[in-house]
2 protein chains.
Amino acid sequence: MQWSAPPMTATRRAPRRDAGRPRGAPVAEAVLAATLRELASAGVEGLSVERIAREAEVNKTSIYRRWPTREALVAAALEGVAAQITGQLPDTGSLRGDLLALVGAVSDLVGSPLGRGLLRAALTESAEAAVAALATDQLARGTAGPARAIVARAKARGEWARGARGDMVVHALVGAVIHRAVLEHGALDRRWLGSLVDLMLHGALPRE
Amino acid sequence: MQWSAPPMTATRRAPRRDAGRPRGAPVAEAVLAATLRELASAGVEGLSVERIAREAEVNKTSIYRRWPTREALVAAALEGVAAQITGQLPDTGSLRGDLLALVGAVSDLVGSPLGRGLLRAALTESAEAAVAALATDQLARGTAGPARAIVARAKARGEWARGARGDMVVHALVGAVIHRAVLEHGALDRRWLGSLVDLMLHGALPRE
DNA sequence: GAACGATTGCAACTCATCGTTGCAATCCAA
DNA sequence: TTGGATTGCAACGATGAGTTGCAATCGTTC
């Protein structure tokens, strides 16, 4: 018999690009970053490991070996992002300035893949309850700390009404930004944020 | 020749349950209601036509014949739900009462499959932009109308600060409820809602 | 009552993607 | 040099999406 082609076991035409070559940590970082982006664009239920692999320029198998389930992968990507949510907020010396800095940080967040990924992950239900709980926890941890500091400073300056609840002010501010940006796709310029903070400071009723 | 069994073309053992029998409108209603529930539990990207078919007790084929694409199915399910979002809000005679009724309706909504389905649909991106736009439009249409009416009545009674923006008050209230219920999984009792409305009415600053 | 169109169920199919597995290639450390 | 760990790659079975052909049933019309 004549063989014009290589033997049947393998043709071995391509000389392999860069198989092998362990590269450790950079792989994990690229995968987790791509996971956050995928979370933002496709949500937890629509998440595709193959897309993440292409995005991170890593083979699908490498992802499955490190994180056996999708849930583990998402959990790893969400782990420890609380610190990046608002970062360090400055003490501006006034409640209005502090709240402006807060809503500015929040509006930056909801425009970023990290923020939208967190929001969408927190909104999942049923099967992925653990993921939703983790995202919720990170969101709460990232906003509760700065919020408490702002309210404490305001109270020390006498800039706080007796009955007002600090967490509720933050809920309303953050919720308004989310409503405006994510649900309504409206612009978040400084004037809009300023008006929002003023509304929260003075209320909707006329000051007799 | 003797045939102890039916001919080879088909055994025809089961006498069919209820094939045929067109039942028109009830099929569409059941499917669209199941689609909203599926939207709430799985989101747009995780939506499964087979699950909807099982849930609605309808064959998968019947769904594909009426709505050729998933997008068409979701759009049909979202069509015209704006009217059910808040329903008819009463004129309570005071701004506080009107806003309490509004946040009560919103908190009922976010606890329902319709509300969570709308929220999750509005949060989708990229590939399903048309669906997100439709959900956003329904949400806006369902809240903007009642909100304008409430603000107009308050202004007529003199219960409105000059600088306050009506849409912003609604954004903050609705956003706070969403933040509390969907992102934080907190309870929405009457006391919490009352405090929220009072905060929006009087503001966080002390009234000198 | 018979015929016809519309609607539905059902089973089978193709196709894409998911998650897994075996193997070879490569790097690092002993 | 050897061995373990990491990666790429191709292939596989399983699962679900969307389609198609066919039979059964209903309502309407003649």
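Per chain, numbering begins at 1; letters A, B, ... match sequence-line order.
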Colleague: Holding to side chain to side chain donor-acceptor pair (under 3.5 Å), I want the full list of residues that pass it with A:Arg65, two or more places apart in sequence or in another chain.
Modeller: none
Colleague: By nearest nucleotide on DNA chain D, pick out whichever of A:Ser62 and B:Arg65 is the more 5' one.
Modeller: A:Ser62
Colleague: Among all residues two or more places apart in sequence or in another chain, which pass the side chain to side chain donor-acceptor pair (under 3.5 Å) test with B:His171?
Modeller: A:Glu184
Colleague: Can you list the residues that meet the side chain to side chain donor-acceptor pair (under 3.5 Å) rule with A:Gln84, with sequence neighbours excluded?
Modeller: none
Colleague: Ignoring backbone atoms, establish whether B:Arg66 has a side-chain N or O less than 4.0 Å from OP1 or OP2 of C:dT8.
Modeller: yes
Colleague: Can you run down the side-chain hydrogen bond (donor to acceptor under 3.5 Å, both in side chains) pairs that involve residues 101-115 of chain A, sequence neighbours left out, and say none if there aren't any?
Modeller: none
Colleague: If I take atom CD1 in residue B:Ile52 and atom C1' in nucleotide D:dA17, what distance separates them, rounded to the nearest angstrom?
Modeller: 13 Å
Colleague: Rounding to a whole Å, what distance do you find between B:Glu29:CD and C:dT8:P?
Modeller: 12 Å
Colleague: Please set out all donor-acceptor pairs under 3.5 angstrom arising from side-chain atoms of residues 73-81 of chain B, sequence neighbours excluded.
Modeller:
none

Colleague: Tell me, please, which residues at least two apart from A:Asp98 pass side chain to side chain donor-acceptor pair (under 3.5 Å).
Modeller: A:Thr92, A:Arg153
Colleague: What is the distance, rounded to the nearest whole Å, between atom CZ of B:Arg54 and atom C1' of C:dC10?
Modeller: 15 Å
Colleague: Round to the nearest Å and state the distance from A:Ile63 atom CD1 to D:dC9 atom C1'.
Modeller: 15 Å
Colleague: Under the salt bridge (Lys or Arg N to Asp or Glu O under 4.0 Å) test, which residues partner A:Arg180, sequence neighbours left out?
Modeller: none
Colleague: Between B:Arg120 and B:Glu45, does any side-chain N to carboxylate O distance fall below 4.0 Å?
Modeller: no
Colleague: Decide yes or no for A:Trp67 and A:Leu32: does some side-chain heavy atom of the first lie under 4.5 Å from some side-chain heavy atom of the second?
Modeller: yes
Colleague: Nearest whole Å is fine: how far is D:dG18 P from B:Leu73 CG?
Modeller: 10 Å
Colleague: Round to the nearest Å and state the distance from B:Trp67 atom CH2 to D:dT19 atom P.
Modeller: 15 Å
Colleague: For each nucleotide in nucleotides 13-19 of chain C, reading 5' to 3', give B when a protein heavy atom comes within less than 4.0 Å of its base, S when such contact involves only the sugar-phosphate, and - otherwise.
Modeller: ----SBB
Colleague: Between the axis at one end of the helix from C:dG1-D:dC30 to C:dA30-D:dT1 and the axis at the other (five pairs apiece), what's the angle to 10 degrees?
Modeller: 0°
Colleague: Between B:Thr61 and C:dC10, is there a side-chain N or O to OP1/OP2 distance below 4.0 Å?
Modeller: no
